[in-house]
Every structure is written in structure tokens, then in C-alpha cells.
Amino acid sequence: PLRTGLSVLGIVLGVAAIVAVTSVAAGAERQALADVEALGLDNLVARSAGTSAYPVAWRGLTAADGRMLDGVVPRVGHHSALVERQLTVAAGGRRQLAAVLGVESSFGSIVRLQVEQGRFLTSLEDHRFSRTCVLGHELAEQLFGQRTPIGESIRIGADAFLVVGLLAPQGTPKAVI
């Protein structure tokens with residue numbers, strides 16, 4: 001009876017371990033597929049390696065590199081530069097560390113961001129280097145509470161930016177774009 005009980009216990013624990021590992025793998029697969037879908041199956045991401053074997057400063061990819069893709073890669077619909085930094089964002093006496101993304105106006109449609117209020121950046125603002133931004137939902141709530149941030153000013157470092165849009169909750173929650 002003791003051997004039988006131990007054998008049954010071993011089988012039960014073995015099956016439970018297999019079920020647990022399978023569940024974790026299935027969850028990771030779902031997350032990976034969701035990440036790919038959010039980025040879009042038709043998107044190409046080119047990132048700068050950030051290193052150089054030469055004794056000169058590495059500048060990474062440039063806007064000209066992005067424009068060059070139009071002629072080199074067939075069927076390029078849109079491209080956008082992206083610079084991401086963790087910076088302190090302030091408004092109305094409140095300060096919050098957030099991901100600050102420097103992007104072009106095409107970025108919103110490339111990654112399929114949903115704007116809940118206001119609008120996304122425009123190509124005219126790209127050309128004028130306007131100091132406008134779109135806030136993630138969570139960051140807007142932390143800085144402005146229940147007030148709408150549209151038309152308000154925020155500070156990123158020493159620079160002031162006009163908030164023109166608010167992302168839907170499923171967007172980048174704690175970010176400035």
C-alpha cells in the first residue's frame with residue numbers, strides 16, 4: 001500500500017508539473033503574439049546598435065536613414081524615428097518619472113495607438129518641430145487627476161510642451177509621446 005501510494009503521488013505530481021509548464025508556455029506564447037500584433041506584422045523595426053569600432057562618436061540611425069528606406073525597401077508605407085528616454089515630467093506641481101518618446105506623426109498609425117481625447121501629432125508639427133505631445137492615460141491621471149490634460153502645458157526637463165492628445169488606456173500608459 002505504501003509503494004502504491006507513493007507511485008500514485010509521483011504520477012499526480014508529475015502530471016501537475018507538466019500542466020503548470022504547459023500553462024506558462026501557452027501564456028508566454030499569447031503574450032508574444034499580442035506584442036507582434038500590436039507592433040504589426042507589416043512593420044520593420046531598425047534599431048541602432050549604439051557601438052562603434054572607430055574612435056568617433058556613434059550617432060546611430062538618422063532621419064535620412066529613415067527616408068532612404070522609402071527607396072530601398074519595397075512597399076514602405078510609413079516610417080518614424082523613435083528616441084526613448086526616462087525623464088521627469090511635471091505639471092501643476094506634480095512630478096513623475098516617465099518614458100518620453102520622441103517620434104514623428106506617423107508613429108501613432110504605425111503602432112496603432114488609439115487616442116481617447118484630442119488628437120495625435122501632425123506632419124505640420126513634425127516640420128515645425130512643435131513642442132506638442134500626447135500623454136499616456138496613467139501619466140495624465142497622475143499629473144492632472146480627473147481634469148482633462150488637453151490644452152494644458154507640461155514640462156519635460158526645462159522645456160514646456162502643449163498636450164494635444166490623450167491615449168486610450170490600452171496604449172502606452174505611463175508615457176509622453
Side-chain angles (χ1 to χ4, degrees), residues 24 27-28 30-52 56-67 69 77-177:
V24 168
R30 279 192 302 274
Q31 181 63 44
L33 289 173
D35 290 346
V36 167
E37 186 170 322
L39 182 58
L41 295 173
D42 54 351
N43 290 336
L44 168 69
V45 177
R47 294 184 191 264
S48 214
T51 60
S52 175
V56 294
W58 176 258
R59 299 201 195 305
L61 296 171
T62 65
D65 295 328
R67 288 187 297 274
L69 286 176
H78 303 285
H79 65 272
S80 173
L82 167 67
V83 176
E84 181 176 0
R85 300 285 184 268
Q86 291 291 321
L87 298 170
T88 300
V89 180
R94 295 182 180 180
R95 300 168 60 86
Q96 186 66 44
L97 187 65
V100 177
L101 307 178
V103 300
E104 297 174 59
S105 58
S106 58
F107 181 78
S109 61
I110 291 171
V111 297
R112 298 169 178 88
L113 292 176
Q114 299 295 316
V115 176
E116 182 178 279
Q117 291 179 25
R119 60 174 177 80
F120 202 72
L121 308 174
T122 66
S123 59
L124 183 60
E125 289 167 331
D126 286 349
H127 296 297
R128 291 183 176 173
F129 298 101
S130 298
R131 293 181 184 244
T132 54
C133 66
V134 178
L135 296 182
H137 199 270
E138 183 180 323
L139 179 61
E141 195 170 279
Q142 290 169 342
L143 293 176
F144 294 99
Q146 298 303 314
R147 293 186 353 248
T148 182
I150 308 301
E152 297 288 336
S153 180
I154 65 168
R155 294 198 84 63
I156 301 173
D159 299 315
F161 289 79
L162 176 67
V163 179
V164 297
L166 174 65
L167 295 178
Q170 82 275 7
T172 51
K174 201 170 182 182
V176 179
I177 297 177

If you look at every heavy atom in [X] and [Y], which pair is closest and at what distance?
| X | Y | value |
| --- | --- | --- |
| L139 | A98 | CD2-CB, 3.8 Å |
| C133 | F161 | SG-CB, 4.0 Å |
| V164 | V134 | CG2-CG2, 4.3 Å |
| I154 | A91 | CG2-CB, 4.0 Å |

### Task
Apply side-chain contact (heavy atoms from CB on, under 4.5 Å) to S105 and list each qualifying residue two or more places apart in sequence or on a separate chain.
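Here the qualifying residues are L121, S123, D126.
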#### Entry: E116: side-chain contact (heavy atoms from CB on, under 4.5 Å) partners, not counting sequence neighbours
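Expected list: H137, L166, A168, P169.
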### Query
Does some side-chain heavy atom of E125 sit less than 4.5 Å from a side-chain heavy atom of R131?
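No, too far: nothing below the 4.5 Å cut-off.
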### Task
With the side chain counted from C-beta on, respond yes when F107 and L113 share a heavy-atom pair under 4.5 Å apart, and no when they do not.
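Yes, side chains in contact.
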Approximate separation, where rounding is to 0.5 Å, of [X] [atom1] and [Y] [atom2]:
| X | Y | atom1 | atom2 | result |
| --- | --- | --- | --- | --- |
| I150 | T148 | CD1 | OG1 | 4.5 Å |
| L97 | Q142 | CG | CD | 10.5 Å |
| Q117 | L167 | CD | CG | 11.0 Å |

### Task
Would you list the pairs meeting salt bridge (Lys or Arg N to Asp or Glu O under 4.0 Å) in which at least one residue belongs to residues 88-103, sequence neighbours left out?
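Sorted pair list comes back empty.
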